> 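Below you will find the structure I want to go over with you.
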Protein chains: 2
Amino acid sequence: MAKPAGKADRTPRGRLSREEVLSTAITLADKGGIESLTMRRLGDELGVEAMSLYNHVANKEDLLNAMVDAVFSEIDLPSHSEGWKTSMRKRSISFRAALSRHPWATGLTDSGTNPGPATLRHHDRVIGTFRNAGFSVAMAAHAFSALDSYIYGFAMQEKSLPFTTEEETAAMAQIMLAQLPANEYPYLAELTADHVLKPGYNYGDEFPLGLDLILDGLERWLTSAAR
Amino acid sequence: MAKPAGKADRTPRGRLSREEVLSTAITLADKGGIESLTMRRLGDELGVEAMSLYNHVANKEDLLNAMVDAVFSEIDLPSHSEGWKTSMRKRSISFRAALSRHPWATGLTDSGTNPGPATLRHHDRVIGTFRNAGFSVAMAAHAFSALDSYIYGFAMQEKSLPFTTEEETAAMAQIMLAQLPANEYPYLAELTADHVLKPGYNYGDEFPLGLDLILDGLERWLTSAAR
DNA sequence: CATCATAAGCTTACGACGTAAGGAGATCTC
DNA sequence: GAGATCTCCTTACGTCGTAAGCTTATGATG
């Protein structure tokens, strides 16, 4: 009686905004993986037809790029004031945490082609932190490459694991161990049995070990001056 | 006259084999990127309808998993006899080269869920090399995680660069530098101008620097004994 | 308040995609 | 030489991103 026409069950809302589209897309991808994010489902979630999304987004690639930039905006920037090593450690941990919250972002490599403002700012601040600490331009580039390769790669390995919680890990490792021909892959079997299946194991805990290894290495580069 | 019926322009060949399907799929993905690999195109390339591929492959995921395993089979295994550091250095370089030849493999993370035999053998030999060198099980796990995260991440960054050759790099960097608001991202601008645009720059050259940083760090872990 | 351009939504449609179902012909086994 | 099996084909379905064009709500201008 009140509503004259149109879709019945559409949640009444003001107009859509790009931000709303973006954040819903991120939620969807977080929940069901990037392959579950389709324009139609995203539209559904927003109470709108798929084609209406194109009023706020040029195409799907534009959407994905913006999503990646949103992830970068969640990362704590290194502060120039705090000592390069601690502040770089913090931002690295924050970076990994962001990729862990949004695993789909790790594989969205096309965003390298045209990075958004948050991505650029992030990179600029990281390089700036190295430069201010006394790294030469070349050394800063090497440090940036080494450190971020590690972070990205770690996130990718983490994402590719078929388990998340400790219980899942244990269950999965049990199964894999049982399937694994132990005499053909003895070291893999040993590692699974004696390390992965130890109570309290969590792959994520490996992160700071490699991180500190690299940071210590970078510090050595720095103090050994010339390069 | 000779041929009684059927498709005219089909290259006469014996029956298809899984190996043939696999290697053609890899060639296709190498040439046009993973998104250009569709069942229909792969069929075309082999002179066969898309559906015929399902005689040799369970589904596309099976195909992709097998492709990743094929990439792993290209990597030089570390030899137990040679000293862990040099042999691990060799296999790391070989690993990166393989991912560089087949960039699509870097993103195919689902293969972590059920790795093929070449992948398992590779992992087993890597872990075995650490163990034989005196790493404890836990240290071997840490070393494996740190090193392979770096390699994977490096490959991913390399893949995401919008250029390959030195000329492309220079051209692209010029453009990006021109577009970049230099006062907003001063360190990025500096790095581009003074490092990337230097003649002879090639991002791939960064790889051994980070690699040696990690290997040296692992060696220090090893010699500092307990952990 | 009336008009009307613009923006934001909807409908329909197209050409890809992966693959289910089932049929036809070749090849192998006994 | 008969039957089973394997390989390939045709057809079809549901889903995807998105082009084209329509309708309606908004908000500025007279």
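The sequence lines fix the lettering, A, B, ..., with proteins before strands; numbering per chain opens at 1. Being a predicted model, the structure only gives us computed values, none of them experimental. Computed from heavy atoms alone, side chains included, the values below leave out hydrogens, waters and symmetry copies.
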> Reckon A/Ser52 has a side-chain N or O less than 4.0 Å from the OP1 or OP2 of C/dC10?
yes
> Starting the side chain at C-beta, find the nucleotide from D/dT10, C/dT19, D/dT18 nearest to A/Arg40.
D/dT18
> Verify whether the ring centers belonging to A/His123 and A/Phe144 lie closer than 6.0 Å.
yes
> Would you mind reading off the distance between A/Met39 atom CE and C/dC17 atom C1', rounded to a whole angstrom?
17 Å
> Nearest to the side chain of B/Met51 - D/dT10, D/dT7, D/dC16?
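Nearest nucleotide to the side chain: D/dT10.
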> Using atom CG of B/Asp62 as one end and atom P of C/dG18 as the other, report the distance to the nearest whole Å.
14 Å
> From C-beta outward on B/Tyr54, which listed nucleotide comes closest to its side chain: C/dT19, C/dG9, D/dC8?
C/dT19
> Can you see if the side chain of B/His56 gets near the phosphate of D/dC6 - specifically, an N or O under 4.0 Å from OP1 or OP2?
no
> Are A/Arg41 and D/dC16 close enough that a side-chain N or O sits under 4.0 Å from OP1 or OP2?
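For D/dC16, OP1 or OP2 has a side-chain N or O of A/Arg41 closer than 4.0 Å.
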> For the pair made of CD in A/Glu49 and P in C/dT12, what is the distance, rounded to whole Å?
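Value for this atom pair: 10 Å.
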> Calculate the interatomic distance between B/Glu61 atom CD and C/dG18 atom P; express it in whole Å.
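It is 13 Å, rounded to the nearest whole Å.
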> Looking at B/Arg125 and B/Asp76, is there a salt bridge between them, counting it only when a charged N and a carboxylate O are closer than 4.0 Å?
no
> What is the distance, to the nearest angstrom, from the CG atom on B/Asn55 to the P atom on D/dT10?
14 Å
> Mark yes or no for whether A/Ser73, through its side chain, and A/Ala70, through its backbone, hold a donor-acceptor pair below 3.5 Å.
yes
> To the nearest angstrom, how far is B/Lys60 atom NZ from D/dT15 atom P?
19 Å
> Are B/Tyr203 and B/Phe154 an aromatic pair by the rule of ring centers under 6.0 Å?
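When the ring centroids of B/Tyr203 and B/Phe154 are compared, they turn out to be within the sub-6.0 Å range.
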> Looking at every strand, decide which applies to B/Thr38 at a 4.0 Å heavy-atom threshold: base, sugar-phosphate, or nothing.
sugar-phosphate
> Might you work through the side chain to side chain donor-acceptor pair (under 3.5 Å) test for B/His102 and B/Glu74, ending with a clear yes or no?
CA-CA 11 Å; B/His102 312 295; B/Glu74 291 182 10; 2.9 Å; yes
> Could you tell me the separation between the CG atom of B/Leu16 and the C1' atom of C/dA26, rounded to a whole number of Å?
15 Å
> Measuring from the side chain of B/Arg15 (C-beta onward, heavy atoms only), which nucleotide among C/dG9, D/dG17, D/dC8 has the closest atom?
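Closest nucleotide among those given: D/dC8.
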> Rounded off to whole Å, could you give me the CG-to-P distance for the B/Asp44 and D/dC8 pair?
15 Å
